[in-house]
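Here's the structure we're looking at; comments come further down.
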Amino acid sequence: MNFKNDIIADIVKRLNRLLYIKPEIGARKVSLEDKISLRKKVSNTLFSVLSGETSVLSALSNFPKNTDDKSVNVCFHILMHLEADEDIRKSDNDYREEQDDFILNIAQILQEGGDIPINIIKEYNDFYKETLIYPEINKETIISRLKKFINI
């Protein structure tokens, strides 16, 4: 009977390792040209949202995935914040204008290929505690979603 328990314990240990330990993702080499191109794409998305051409939800669902660029990732958080503040923006013109000016400033920085100031990145990272970027659908994300679904 002890042998059976050892086998079960080993299976549980392996499943836990598979389900709970995120695989290490090595740093991806991104050329400066690709980095600037991505930043310009995100900048265009912000301009499009501000002009009303694109909805915030559409911008979020089409946002670049799995990027290591903190200046790009923080824009996802900024868009999430914009969506969450929809009611406040309708009732408070000053707040809406201030938020629009902030997003416009961020979009201009990215359009030039620049880095978003670290204090802004830190503020959003502290606020959200984790990345909210929609993951690509692959083996790891499917396992992660299944794990959440069955509440493990």
Side-chain angles (χ1 to χ4, degrees), residues 13-152:
K13 180 179 170 184
R14 289 175 190 229
L15 279 173
N16 281 335
R17 191 177 318 129
L18 174 71
L19 295 175
Y20 290 107
I21 298 174
K22 291 184 179 181
E24 300 250 344
I25 298 173
R28 288 172 258 166
K29 295 226 176 194
V30 178
S31 72
L32 181 59
E33 204 174 77
D34 289 342
K35 185 177 191 177
I36 290 172
S37 174
L38 178 62
R39 287 181 178 188
K40 286 184 177 187
K41 178 182 176 185
V42 170
S43 173
N44 291 337
T45 299
L46 293 176
F47 286 135
S48 181
V49 167
L50 286 176
S51 70
E53 269 181 55
T54 304
S55 72
V56 177
L57 292 177
S58 175
L60 287 169
S61 64
N62 294 312
F63 203 83
K65 296 168 181 55
N66 295 339
T67 175
D68 293 327
D69 187 343
K70 292 180 181 180
S71 290
V72 168
N73 290 344
V74 77
C75 292
F76 186 86
H77 298 303
I78 289 169
L79 288 171
M80 291 290 293
H81 195 93
L82 181 65
E83 178 65 21
D85 287 350
E86 183 180 355
D87 292 341
I88 298 170
R89 291 172 55 81
K90 285 181 183 176
S91 64
D92 188 342
N93 288 336
D94 291 337
Y95 182 83
R96 185 185 74 248
E97 287 176 15
E98 187 176 321
Q99 194 174 39
D100 286 352
D101 287 345
F102 172 76
I103 295 169
L104 182 61
N105 183 37
I106 296 296
Q108 289 170 336
I109 291 170
L110 292 178
Q111 191 66 37
E112 296 167 1
D115 293 330
I116 293 178
I118 194 69
N119 63 319
I120 294 173
I121 292 171
K122 183 176 176 354
E123 181 180 331
Y124 277 92
N125 285 346
D126 288 347
F127 183 73
Y128 286 105
K129 302 287 187 225
E130 62 183 56
T131 185
L132 296 175
I133 303 295
Y134 295 129
E136 287 184 25
I137 301 301
N138 56 32
K139 179 181 157 188
E140 288 80 20
T141 57
I142 290 171
I143 289 171
S144 174
R145 289 179 182 187
L146 282 172
K147 178 180 76 173
K148 286 180 182 179
F149 179 73
I150 59 176
N151 203 18
I152 291 180

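For the single chain, residues carry numbers from 1 onward in sequence order.
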Test item: [X] side-chain N/O and [Y] main-chain N/O as donor-acceptor pair under 3.5 Å:
| X | Y | result |
| --- | --- | --- |
| Ser37 | Glu33 | no |
| Asp92 | Ile88 | no |
| Asn105 | Asp101 | no |

Is there a side-chain contact between [X] and [Y], using heavy atoms and a 4.5 Å cut-off?
| X | Y | result |
| --- | --- | --- |
| Ile103 | Val49 | no |
| Lys41 | Val72 | no |
| Leu60 | Val56 | yes |
| Ile116 | Cys75 | yes |

Rounded to the nearest 0.5 Å, what separation is found between the [atom1] atom of [X] and the [atom2] atom of [Y]?
| X | Y | atom1 | atom2 | answer |
| --- | --- | --- | --- | --- |
| Glu83 | Leu57 | CD | CG | 4.0 Å |
| Ile109 | Leu46 | CD1 | CG | 11.0 Å |
| Asn44 | Thr54 | CG | OG1 | 10.0 Å |
| Leu110 | Ile106 | CG | CD1 | 7.0 Å |
| Gln111 | Leu104 | CD | CG | 11.0 Å |
| Ser43 | Ile36 | OG | CD1 | 12.5 Å |

Within 6.0 Å of CD in Gln108, more than 12 heavy atoms from elsewhere: yes
Should the pair Arg39-Asp115 be classified as a salt bridge under the 4.0 Å nitrogen-to-oxygen rule?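 Looking at Arg39 and Asp115, the cut-off is met.
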Would Leu82 and Ile78 count as a side-chain contact (heavy atoms from CB on, under 4.5 Å) if you check the C-alpha gap in whole Å, the side-chain angles of each, and the deciding distance to 0.1 Å? CA-CA 6 Å; Leu82 181 65; Ile78 289 169; 5.6 Å; no
Might you point out which heavy atoms bring Phe76 and Phe63 nearest each other, and give the distance in Å?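 For Phe76 and Phe63, the tightest heavy-atom pair comes out as N-CZ, 3.5 Å.
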